[in-house]
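Written out below as structure tokens is the structure these notes cover.
What's counted below: heavy atoms across the whole structure, side chains too, no hydrogens, waters or symmetry copies.
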Amino acid sequence: MRQLLTFLLRLFRRTPPAAASPAQKIPAHVGFVMDGNRRWSRARWLPKEAGHRRGYKKVKDVARWCHARGIKVVTVYAFSTENWDRDAE
């Protein structure tokens with residue numbers, strides 16, 4: 001999680017792209033709920049860590065995509081308190 005936060009902070013400190021034209025409706029804030037990393041890895045007979053690494057890579061891709069389009073705030077919901085009750089596996 002620390003790596004993700006460090007990456008996002010470095011990404012958004014860069015100079016933003018040129019402003020969008022008034023005709024383009026670019027949101028100022030978007031949010032994502034990460035879900036299915038374990039299911040993704042299980043479906044491919046991979047360890048759960050592989051799913052988490054893939055999810056991390058996708059968050060980086062999405063953050064770059066948002067930054068390139070002038071979206072200034074990205075919220076990523078990556079952990080549910082329900083996960084505290086999961087088996088350690």
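Remark: Arg39 pairs with Asp35 by the side chain to side chain donor-acceptor pair (under 3.5 Å) rule, at least two apart or across chains.
Only one option out of His52, Lys60, Arg54 pairs with Tyr56 in a side-chain contact (heavy atoms from CB on, under 4.5 Å); it is Lys60. With Phe32 as the fixed residue, the side-chain contact (heavy atoms from CB on, under 4.5 Å) test singles out one of Thr75, Val59, Val62: Val62.
Taking every heavy atom of both residues into account, Ala28 and Ile71 meet most closely at O-CG2, 4.0 Å. When all heavy atoms of Gly55 and Asn37 are compared, the pair lying nearest together is CA-OD1, 3.6 Å. The two residues Pro47 and Ser41 have their closest heavy-atom pair at O-CB, 3.4 Å.
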side-chain contact (heavy atoms from CB on, under 4.5 Å) assessment of Val76 paired with Met34 | CA-CA 7 Å; Val76 179; Met34 294 180 68; 3.6 Å; yes

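You'll find the side chain of Trp40 reaches within 4.5 Å of the side chain of Leu46, heavy atoms only.
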